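Remarks on the structure that follows.
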Amino acid sequence: MSLKERDKKHIWHPLTQHKIHPDALPIVKAKGALLYGEDGKTYIDGIASWYTAMYGHCNDYILKQVQDQMKQLDQIVFAGFTHEPAIRLSEELIKILPENQEKIFFSDNGSTANEVGIKMALQYHFNRGEKRNTIIAFEDGFHGDTFGAMSASGLSVYNGPFEDFFIDVKRIPTPNFENIDDIIKLLERYMAANTVAAFIYEPLVQGANAMHMYETRYLDQILNVCKENNVITIADEVMTGFGKTGKTFASDYIETKPDIISMSKSLTAGFVPMAVTSCTQQIYDAFLDDSVGKAFFHAHTYSANSIACTVALAGIELLQTEEFQSHIERIVKSHSDFNAKIENHPKVKTTRQKGVIYALDLDIEMDRYGKKRYEIFDHFMKNGVALRPLGSTVYILPPYVITQDQLEKVYDTIVELLETI
Ligand SMILES: *Cc1c(COP(=O)(O)O)cnc(C)c1O
């Protein structure tokens with residue numbers, strides 16, 4: 001039996017309507033920017049496997065570090081024990097995070113990183129004797145699929161059956177020139193009663209919301225209103241972190257720094273799952289007390305797994321090398337050259353770019369998970385390019401190591417789509 005047939009027997013895939021969805025494609029190997037299918041074909045990974053494998057799949061440098069660490073120490077309970085990879089990672093992260101970040105809390109995926117951030121914010125107020133239980137979030141944000149993170153996510157296609165069980169979330173639209181004054185007024189109204197605990201947001205680029213981008217200065221205005229009202233700000237950098245926007249963090253573009261930052265995805269380079277929630281000294285201090293009751297009682301069994309920490313350390317090291325910085329510059333420049341070529345194409349409605357993230361909206365009507373979307377997906381796969389269109393949006397977020405030839409192939413395949421659709 002082929003992997004394809006065996007897969008169908010027992011596996012329930014994420015984000016999949018199994019009644020209509022085509023079979024999952026078995027991948028037997030990955031290296032650099034290439035995926036190798038069971039069918040003998042290779043595919044260029046145009047989205048770095050959900051923006052995780054940014055240093056290239058099975059990166060040799062990271063592999064070597066992992067092998068060494070595996071022989072030394074695998075896993076230890078992180079409540080009451082500690083180890084060097086976690087300590088070093090906390091030191092390295094604090095060096096590259098915005099300067100107000102001081103403490104590092106470990107978990108194991110992007111949703112839990114946000115869950116931790118939301119719980120920290122709620123308990124921060126609780127510990128200080130204030131009852132604040134409302135979270136503010138953007139209308140079309142995405143923060144993950146666990147209950148707190150899901151409540152804060154506004155993309156209802158995922159959330160329908162669960163909405164009755166959500167934590168209390170008030171929504172604002174993403175800002176632009178026209179609506180920013182109204183948003184500020186709305187925020188002031190929400191915050192008037194001192195019941196808002198936190199504002200959670202994807203800084204500058206909303207991944208799941210079809211790579212929607214918005215401007216720095218408006219976010220700064222929103223964050224300032226939060227600060228004035230003692231509302232904790234949580235930057236969800238799960239997608240934007242570690243170089244993708246052209247700076248180490250998207251928050252580096254913004255003057256007002258968040259109180260809490262969540263990270264995952266490329267933190268561990270596509271090797272193993274892990275997540276981190278960082279926070280300021282002020283947040284941390286609100287949990288210090290002679291009684292245990294004020295402590296942050298949250299843990300995941302694999303928190304700060306030593307292999308995961310080792311991968312993260314190697315990734316951060318690579319990111320800071322000249323080699324990787326020049327990869328990023330090259331991709332940023334290539335995207336903008338490509339954009340100049342196609343932005344006026346009659347089938348292209350709009351385009352946008354931030355760092356190595358590039359997106360274009362096709363000028364055709366279609367559903368996010370409809371038939372047309374699969375046709376477009378098939379076009380890419382037939383041509384050996386793995387891209388996952390989000391509705392009518394085609395986006396590229398390639399591993400930094402993608403070669404120029406591979407990148408050109410991705411662009412050519414998009415142009416071909418525009419010519420034939
Ligand atoms: C992917 C993602 C999440 C969820 O992370 P998981 O590891 O899939 O739970 C949260 N926020 C953003 C911005 C993401 O891109």
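These numbers were taken from a predicted model, which means no experiment stands behind them. Whatever order the structure lists them in is the order used to number ligands and atoms, beginning at 1. All residue numbers refer to positions in the sequence shown, counting from 1.
- Of all the atoms in ligand 1, the ones that sit under 4.0 Å from a non-hydrogen atom of Lys265 are 1 (C), 2 (C), 3 (C), 14 (C), 15 (O).
- Of the possible polar contacts, none joining the Thr351 side chain to the Asn339 backbone as a donor-acceptor pair under 3.5 Å is found.
- A cation-pi arrangement is not found for Lys244 relative to Tyr51, the charged atom failing to lie both closer than 6.0 Å to the ring centre and inside a 45° cone about the ring normal.
- Put simply, atom 8 (O) of ligand 1 has no protein non-hydrogen atoms near it, under 4.0 Å away.
- The side-chain tip of Arg128 does not point at the ring of Phe126 from less than 6.0 angstrom away and within 45° of straight on.
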Just list the side-chain donor-acceptor pairs under 3.5 Å for residues 23-35, sequence neighbours left out, or say none.
from, atom 1, to, atom 2, distance (Å)
Asp23, OD1, Lys8, NZ, 3.4
Asp23, OD2, Lys8, NZ, 3.3
Lys31, NZ, Cys58, O, 2.6
Lys31, NZ, Asp60, OD1, 2.8

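- Taking every non-hydrogen atom of Ser111 and a distance limit under 4.0 Å, the qualifying atoms of ligand 1 come out as 4 (C), 5 (O), 6 (P), 9 (O).
- Residue pairs that meet the salt bridge (Lys or Arg N to Asp or Glu O under 4.0 Å) test with at least one member in residues 196-225, sequence neighbours left out, are Glu215-Arg217.
- One finds a salt bridge joining Glu92 and Lys95 here, because a Lys/Arg side-chain nitrogen approaches an Asp/Glu carboxylate oxygen to under 4.0 Å.
- Contacts of Asn109 with ligand 1, taken as heavy-atom pairs under 4.0 Å, involve both backbone and side chain.
- Residue contacts with ligand 1, taken as heavy atom pairs separated by less than 4.0 Å, involve Asn114 solely via side-chain atoms from C-beta onward.
- For ligand 1, the atoms closer than 4.0 angstrom to any heavy atom of Asp236 are 10 (C), 11 (N), 12 (C), 13 (C).
- If you number the atoms of ligand 1 from 1 as listed, the ones under 4.0 Å from a heavy atom of Gly110 come out as 4 (C), 5 (O), 6 (P), 7 (O), 9 (O).
- Both the backbone and the side chain of Phe142 come within 4.0 Å of ligand 1, counting heavy atoms alone.
- Near His143, meaning under 4.0 Å from any of its heavy atoms, are these atoms of ligand 1: 10 (C), 11 (N).
- With a 4.0 Å heavy-atom cut-off, ligand 1 is reached by the side chain of Glu202 but not by its N, CA, C or O.
- Side-chain atoms of Thr268 do not come within 3.5 Å of backbone N or O of Phe271 as any donor-acceptor pair.
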